[in-house]
Participant: 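Please read through the structure below; I'll follow up with questions.
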Amino acid sequence: MKDNQEQPGTKEREFVYQFTAGSQHFVLTVPLKFPVQENANHLHGRLMLLHDLPCFIEDDLKESLNKYIEEESIQDYDKEAEAALEAVKSGKVDLHHLTNSWARAYTEATLEHARPEDPSWDEDFADVYHDLIHSPASETLLNLEHNYFVSISELISERDVELKKLRERQGAEMDTVMQELGKSLTDQDVNMLAAQHFDSQQVLENKWNNELKQTTAIQKQEYQEWVVKLHEDLKNPNSSISDEIKVQPNQWRESVEGNGRLFEDHRQLEESFTIHLGAQLKTMHNLRLLRADMLDFCKHKRNHRSGVKLHRLQTALSLYSTSLCGLVLLVDNRISSYSGIKRDFATVCQECTDFHFAGIQEQLEVVQQVVLYARAQRSSKSKRRHDAANRNSGNDDKSKNLEQNQSNILPGEFYITRHSNLSEIHVAFHLCVDDNVRSGNITARDPAIMGLRNILKVCCTHDITTVSIPLLLVHDMSEEMTISWCLKRAELVFKCVKGFMMEMASWDGGISRTVQFLVPQSISEEMFYQLSNMLPQIFRVSSTLTLTSKH
């Protein structure tokens with residue numbers, strides 16, 4: 001029987017099943033309401049009992065009933081989905097209301113059924129280290145880090161000595177061969193010897209690199225396990241570790257290196273200024289002009305133990321904080337650490353184990369993969385959009401050149417590396433520049449200047465409150481960099497950075513920051529003080545207020 005009145009959202013259909021028993025043919029008709037609310041297995045059992053059906057059709061009836069319910073339900077769902085899509089397309093349903101409902105339903109289902117996300121080891125270690133470095137155990141941590149640092153330094157010294165001896169021996173062999181060239185030896189013999197020397201150097205360098213990598217990995221694992229164990233012991237009220245730490249003497253290992261590996265202290269010139277920027281809501285910033293090498297902020301000065309300890313303590317205290325320190329390095333378009341300042345920076349990074357982040361080489365490999373992926377995405381979009389235009393305008397050669405340099409970055413682009421083992425910085429911005437920065441005609445729209453703007457924006461969004469910038473956009477002076485060139489370049493960078501800092505107020509709401517402008521060590525004192533006099537003329541320097549008594 002069919003009901004004359006159906007419930008809203010329900011539809012009644014007839015399930016028809018035919019079977020043959022001997023010479024007789026039977027037809028079973030059953031009304032079903034969709035969507036079917038009851039279990040199909042229970043409904044099948046009721047049909048067998050109610051109609052006294054023979055047992056030999058039980059399995060076939062069950063299969064036919066399940067298939068019919070499934071097919072009809074899928075058809076109903078498809079029709080409902082099509083109707084819902086039509087309602088969205090026609091505007092009958094508010095799309096924003098629908099997305100909010102989906103988001104709320106997904107969030108509630110996730111909170112109710114999903115397993116809680118386990119904290120990662122890096123997050124746990126960061127919390128533990130942050131607690132310890134702000135406790136009396138900080139001196140113990142710094143002592144251990146310094147001892148590890150000295151061990152790596154001694155290993156690097158042994159490597160340098162062995163490589164130097166090998167090069168000296170190979171140089172003597174090459175001199176001997178060159179004297180016999182044209183007599184008993186030919187050019188082929190010289191080339192073979194040079195190839196053997198190169199292979200020997202590669203084998204020795206790989207041996208030491210593997211040993212350094214293994215030692216660094218062991219130190220990192222030991223350090224992290226020791227820090228976690230110390231944190232657990234300090235939380236134990238019955239432990240005597242806390243009292244031992246408070247009375248522990250200073251245990252700094254002395255490096256056995258000679259004076260040759262101690263970093264030289266140049267006479268550093270420095271001027272500091274306090275400025276206010278902003279139209280209505282003024283923000284105070286600190287500016288510093290320094291004559292120093294960029295890597296001086298990365299190196300550990302082992303010949304001044306007290307200074308090392310203060311620098312390391314300050315850097316460690318702010319490692320997991322909202323007051324990070326950054327540095328801008330000017331690099332070429334290749335992501336590597338084999339030449340120029342990139343090699344020197346990588347050498348400094350490898351002199352001390354990084355207990356919190358990946359090594360410099362591992363980070364550069366990740367950056368390279370990201371650049372390749374980004375270039376591939378950008379190239380595919382560009383090809384789809386401008387393929388026809390490139391063929392018509394004859395730009396095929398240019399596109400081929402771009403395809404050949406997919407692994408390189410462009411001037412004005414930069415990549416970031418994180419560090420916990422450097423003297424005074426946590427973040428390094430590797431800004432790509434080309435030879436154009438050495439010319440005297442760059443403008444405020446130059447890629448290097450726009451790169452500085454983007455770097456300052458990253459500083460605002462990622463809690464980097466101190467950043468060091470090469471004022472002249474070069475690390476070394478050359479002959480074409482005259483006094484007028486330096487003044488013109490400094491004026492451009494000062495004015496652009498001032499504009500970028502005023503933009504910061506809209507990016508972060510106005511937070512006090514420290515910007516350090518660095519000039520090369522080879523610049524003269526006279527030039528330095530000319531730049532120092534220029535800075536307060538461009539920025540609004542805060543003046544002191546002298547209070548005098550009426551008497």
Participant: Could you walk me through whether D344 and H475 pass the side chain to side chain contact (heavy atoms under 4.5 Å, CB included) test, one step at a time?
Facilitator: CA-CA 12 Å; D344 299 336; H475 292 313; over 6 Å; no

Participant: With a 4.0 Å cut-off, would you call D332 and K342 a salt bridge?
Facilitator: yes

Participant: Measure the spacing between NE2 of H276 and OG of S512 and express it to the nearest 0.5 Å.
Facilitator: 8.5 Å

Participant: Is H462 close to L324 at the side-chain level, that is, under 4.5 Å between some pair of heavy atoms?
Facilitator: no

Participant: What's the spacing between R291 CZ and M527 CE if we round to 0.5 Å?
Facilitator: 12.5 Å

Participant: Go through the structure and list residues passing side chain to side chain donor-acceptor pair (under 3.5 Å) with R343, not counting sequence neighbours.
Facilitator: none

Participant: Not counting sequence neighbours, which residues clear ring pair (Phe, Tyr, Trp, His ring centres under 6.0 Å) with F273? List them please.
Facilitator: none

Participant: Do we see a donor-acceptor contact under 3.5 Å between the side chains of E526 and S524?
Facilitator: no

Participant: For the backbone of L410 and the side chain of N333, can you confirm whether one donor and one acceptor N or O come within less than 3.5 Å of each other?
Facilitator: no

Participant: Just so I know, are the side chains of Q201 and L163 near enough to count as touching, which here means a heavy-atom distance under 4.5 Å?
Facilitator: no

Participant: Are any of the side-chain heavy atoms of R418 and H356 separated by less than 4.5 Å?
Facilitator: no

Participant: Given side chain to side chain contact (heavy atoms under 4.5 Å, CB included), test F494 with K498 step by step and report yes or no.
Facilitator: CA-CA 6 Å; F494 278 148; K498 177 183 177 181; over 6 Å; no

Participant: Do the side chains of S200 and H197 get nearer than 4.5 Å, heavy atoms only?
Facilitator: no

Participant: Rounded to the nearest 0.5 Å, what separates atom CG in L487 from atom CG in L531?
Facilitator: 6.0 Å

Participant: Would a 4.5 Å heavy-atom cut-off, applied to side chains only, mark N421 and F149 as touching?
Facilitator: no

Participant: Please, which pairs that meet side chain to side chain donor-acceptor pair (under 3.5 Å) have at least one residue in residues 202-216, sequence neighbours excluded?
Facilitator: E162-W208

Participant: Does the side chain of Y129 pick up a donor-acceptor pair with the side chain of Q224 at under 3.5 Å?
Facilitator: no

Participant: Do R513 and C460 pass the side chain to side chain contact (heavy atoms under 4.5 Å, CB included) test, and can you show the C-alpha distance, the side-chain angles, and the key distance before you say yes or no?
Facilitator: CA-CA 9 Å; R513 300 184 183 276; C460 289; 3.9 Å; yes

Participant: Looking at residues at least two apart in the chain, or sitting in another chain, which of them share a ring pair (Phe, Tyr, Trp, His ring centres under 6.0 Å) with F500?
Facilitator: none

Participant: Take the angle between the ring planes of F357 and Y320 and call it parallel below 30°, perpendicular above 60°, tilted in between.
Facilitator: tilted

Participant: Just wondering, do E424 and Q314 contact through their side chains at under 4.5 Å, heavy atoms?
Facilitator: no

Participant: Measure from the side-chain N and O atoms of S532 to the backbone N and O of Y529, and report whether any donor-acceptor pair falls under 3.5 Å.
Facilitator: no

Participant: Taking the side chain as everything from C-beta on, heavy atoms only, tell me whether V437 gets closer than 4.5 Å to L330.
Facilitator: no

Participant: Looking at H134 and H130, would you say the former's side chain and the latter's main chain have a donor-acceptor pair under 3.5 Å?
Facilitator: yes

Participant: Does M174 CE have over 12 foreign heavy atoms under 6.0 Å away?
Facilitator: yes

Participant: For the backbone of K457 and the side chain of T461, can you confirm whether one donor and one acceptor N or O come within less than 3.5 Å of each other?
Facilitator: yes

Participant: What's the spacing between L422 CG and K299 NZ if we round to 0.5 Å?
Facilitator: 12.0 Å

Participant: Which is it for F125 and F355 under the ring-ring contact (aromatic ring centres under 6.0 Å, His included) test, yes or no, and what are the steps along the way?
Facilitator: CA-CA 10 Å; F125 178 73; F355 302 109; 8.4 Å; no

Participant: Ignoring hydrogens and angles, write down the donor-acceptor pairs under 3.5 Å from the side chains of residues 464-473, residues two or more places apart or on other chains.
Facilitator:
unit_1: S468; atom_1: OG; unit_2: Q516; atom_2: NE2; d: 2.7

Participant: Hey, what do you get for CG (L329) to CE (M294), rounding to the nearest 0.5 Å?
Facilitator: 5.5 Å

Participant: Testing the basics here: between M477 and P520, what is the closest heavy-atom pair and its distance to 0.1 Å?
Facilitator: SD-CG, 3.8 Å

Participant: Is the closest side-chain heavy-atom distance between V371 and E413 below 4.5 Å?
Facilitator: no

Participant: Could you walk me through whether I152 and I156 pass the side chain to side chain contact (heavy atoms under 4.5 Å, CB included) test, one step at a time?
Facilitator: CA-CA 6 Å; I152 293 293; I156 291 176; 3.9 Å; yes

Participant: Going from CG on L290 to OG on S272, what distance comes out if it is rounded to the nearest 0.5 angstrom?
Facilitator: 7.0 Å

Participant: With a 6.0 Å cut-off (strictly less than), is the heavy-atom count around NZ of K165, excluding the residue itself, greater than 12?
Facilitator: no

Participant: Do E362 and K220 meet the salt-bridge criterion of a basic N to acidic O distance under 4.0 Å?
Facilitator: no

Participant: For the pair F345 and H419, name the ring-plane relationship: parallel under 30°, tilted 30 to 60°, perpendicular over 60°.
Facilitator: perpendicular

Participant: List the atom pairs, donor and acceptor, that lie under 3.5 Å between side-chain atoms in residues 428-435 and the rest of the protein, sequence neighbours left out.
Facilitator:
unit_1: H430; atom_1: NE2; unit_2: T417; atom_2: OG1; d: 2.9
unit_1: D434; atom_1: OD1; unit_2: N436; atom_2: N; d: 3.2

Participant: Can S484 and T482 be counted as having a side-chain donor-acceptor contact under 3.5 angstrom?
Facilitator: yes

